[in-house]
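Just below is one structure, and these are the notes that go with it.
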Amino acid sequence: MVVASSVASPLCTWLVAACMTAPSEKGTFCKPSEFIKCPKKLSRSARRKSMVAQKSGSLVSSLYGCGINSLMSFCPFEPCEEYYNSQGLSPCFALFGENGFSLLFGSKTLPMNRKQRRLNQASNSGKTMVVGVQPEKQVSMKKKLVTKKRRVVVTGLGVVSPLGHDADVFYGNLLEGISGVSQIEAFDCTEFPTRIAGEIKNFSPDGWVSPKLSKRADKFMLYLLTAGKKALADGGITDDVMAELDKTRCGIIIGSALGGMKVFSDAIEALRISHKKMNPFCIPFATSNMGSAVLAIDLGWMGPNYSISAACATSNFCILDAANHIIRGETDMMLCGGSDAAIIPIGLGGFAACQALSQRNDEPTKASRPWDVHCDGFVMGEGAAVLLLEELEHAKRRGATIYAEFLGGSSTCDAYHTTEPHPDGRGIVLCIEKALAESGVAREDINYINAHATSTPLADLIECQAINHCFGQNTELRMNSTKSMIGHLLGAAGAVEAVATVKAIQTGWIHPNVNLERPDEGVDANILVGCKRERLDVKVALSNSLGFGGHNSSIVFAAYKDCKATA
């Protein structure tokens, strides 16, 4: 013990230097000859130091050696060569192991067994011992406790959309085939090539958001706060129920693709005059995380709280993360979803510059046409949607109404292009297959898909072909696009479509694909819902969201069934 502590400082220095030596191309340690070589001739001072070190037997002499073998030559004992060769370990690392490094770096002293005491006695006596080092099997072989997977259910829905600010009203309008796309009224867009959007015309946060905050916050935050509180109200979280909740086990993950664009844009205009004219809240209220944060402050929820920004796949990422917090046992209740409000000059102008928007200005209700041969780009939308996810037993104890069960999901990246999906849809295929595997669902069990389908020819076709690849000739499969009636809500799209998916499971009706008059030749029209709503007993539903950057996400819902465990 004394010897180890006396050499800790110089040996630590040597070990750090050795570990930082560049590895070979195969990723293994360099051969001794590849380390820095000793000069053939040493100076008089260096020779004197080397002779003193050799006489004293000190490990400090290893600092003047040629590499790791130099250290080994001064070790008081050698490891079993057969062991470290079989394990792919260098002699020094096999020798010291985890406990050896703990001693060298001066950490807490560990209790020694009989073999370790023998080694210690040998090192103090100066004798050499050959020792066969064995792995600590009792740690790696320790069995994990088998635990039952926690089930996640949907118990509340909140929405702010171009088709209504109540989940039932919103879905009722979808079933009727009503379009929320119209001429933009929020600002003068005469000079823009696109002058239509799924704009929210009549919205008031009164009763949901304080008047002071309403004047300062960006619309994306106001939509988020309103939808979040509506989800709680829909889930039966009254003041009395709220008082009984363990708020440390309640979290919020609500994201945004673009955040507070209006607040930030206004700040830039104010800066043209003077920084003193800027909104003092322009920075915090422009960040995408602040909506979740302010909602948590309002509710007093102290569990996981953050936002995810993954372009138009944002909401699904948030729902996936929220569900996983519950599954892992970290929380019992989570608010999750997305919000965006980018129908402002810079938002409209930016997408127009990308040449991604429909220019069917004279027929706004017919502009969004997923899978139709005459589609000419997507239509911007705005709004928010929030789902209240809850651990099943927690929901049952408080007598909550269960709308559907969340089974699982997945996310992948195309790693191909900033704005275009991979031509063969490999990222989407991988995402769907992983989602099915994670959910424990057979592909033939899926009979409803709410597709991403934005009304852009290339992307819609690639997604459809990826779905055909995954599900083959499934005659029961039906597919639609909510964007045909509300446009593309960007980061909020996935959450709004998750609400539509859950309502389809709850009601047994799926909404139509409006404007689908002549399906593109590359699309399997047999699985597409027509221009009228259809009755469907949804067994398992899949909802896709894709985003700029190649982000893919798929989430899976099903009708809740009270399957009691059997012995």
Side-chain angles (χ1 to χ4, degrees), residues 156 158-161 164-166 186-187 199-235 237-239 242-243 245 247 250-271 275-309 314-315 318 334-344 346-347 382-388 489-492 495-496:
V159 65
V160 175
S161 79
H165 311 323
D166 174 86
F187 60 94
E199 186 181 39
I200 294 176
K201 306 294 187 183
N202 301 306
F203 169 76
S204 173
D206 293 348
W208 304 103
V209 184
S210 70
K212 182 180 291 186
L213 182 60
S214 296
K215 293 178 181 179
R216 293 173 170 172
D218 190 275
K219 284 199 297 183
F220 103 91
M221 189 183 295
L222 300 181
Y223 294 161
L224 183 157
L225 295 172
T226 303
K229 291 183 178 180
K230 286 188 174 186
L232 289 176
D234 184 58
I237 307 298
T238 62
D239 291 341
M242 183 71 79
L245 293 177
K247 295 182 176 62
C250 299
I252 304 171
I253 308 176
I254 305 174
S256 178
L258 298 174
M261 289 189 70
K262 180 67 163 59
V263 166
F264 202 74
S265 178
D266 289 347
I268 292 173
E269 292 301 317
L271 184 60
H275 72 278
K276 296 180 181 179
K277 297 292 185 180
M278 295 174 68
N279 178 351
F281 297 96
C282 66
I283 295 297
F285 283 0
T287 58
S288 61
N289 74 296
M290 200 53 63
S292 287
V294 171
L295 183 55
I297 292 168
D298 201 352
L299 301 177
W301 283 20
M302 299 174 65
N305 187 288
Y306 53 94
S307 79
I308 298 173
S309 185
T314 289
S315 289
C318 292
M334 295 290 296
L335 286 170
C336 55
S339 178
D340 259 315
I343 304 177
I344 59 175
I346 191 172
E382 63 179 351
V386 176
L387 286 74
L388 177 61
L489 275 61
L490 308 178
V496 172

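We use all heavy atoms of the structure for the numbers below, so side chains are in, but hydrogens, waters and symmetry mates are not.
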Measuring only between side-chain heavy atoms, which start at C-beta, is [X] closer than 4.5 Å to [Y]?
X: L335; Y: L299; answer: yes
X: T226; Y: H165; answer: no
X: L225; Y: D298; answer: no
X: V263; Y: R216; answer: no
X: W301; Y: M242; answer: yes

| query | Just wondering, more than 12 heavy atoms not from I346 lying within 6.0 Å of its CD1? | reply | no
| Around K201, counting heavy atoms of other residues, nucleotides and ligands shown, do more than 12 lie under 6.0 Å from its NZ? | yes
[atom1]-[atom2] distance between [X] and [Y], expressed to the nearest 0.5 angstrom:
X: D218; Y: M261; atom1: CG; atom2: CE; value: 9.5 Å
X: M302; Y: I297; atom1: CE; atom2: CD1; value: 12.0 Å
X: F281; Y: L213; atom1: CZ; atom2: CG; value: 9.0 Å
X: S214; Y: M221; atom1: OG; atom2: CE; value: 11.0 Å
X: L387; Y: I254; atom1: CG; atom2: CD1; value: 9.5 Å
X: S256; Y: M290; atom1: OG; atom2: CE; value: 12.5 Å

| Does one side chain, of S307 or S292, offer a donor that lies under 3.5 Å from an acceptor on the other? |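 The criterion, which ignores hydrogens and geometry beyond distance, is not satisfied for S292 and S307.
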| task | Report the C-alpha separation of D340 and L489 in whole Å, then their side-chain angles, then the decisive distance to 0.1 Å, and conclude whether the side chain to side chain contact (heavy atoms under 4.5 Å, CB included) test is met. | result | CA-CA 7 Å; D340 259 315; L489 275 61; 6.0 Å; no
Backbone N/O of [Y] and side chain of [X]: donor-acceptor pair under 3.5 Å:
X: K219; Y: A341; result: no
X: E199; Y: A186; result: yes
X: T314; Y: S309; result: no

Give me the atom names and distance for the closest heavy-atom approach of [X] to [Y].
X: A243; Y: K247; answer: CA-NZ, 4.2 Å
X: F220; Y: T287; answer: CZ-O, 3.6 Å
X: G383; Y: Y223; answer: CA-CD1, 3.8 Å
X: S315; Y: G337; answer: OG-C, 3.7 Å
X: V496; Y: A385; answer: N-CB, 3.5 Å
X: L232; Y: L388; answer: CD2-CD1, 4.2 Å

| request: For side chain to side chain contact (heavy atoms under 4.5 Å, CB included), just list the numbers for L222 and W208, CA-CA rounded to whole Å, side-chain angles, deciding distance to a tenth of an Å, and then say yes or no. | output: CA-CA 9 Å; L222 300 181; W208 304 103; over 6 Å; no
| message | Closer than 4.0 angstrom, basic N to acidic O: yes or no for D266 and K262? | response | yes
| task | List the steps and the verdict of side chain to side chain contact (heavy atoms under 4.5 Å, CB included) for Y306 and I252. | result | CA-CA 7 Å; Y306 53 94; I252 304 171; over 6 Å; no
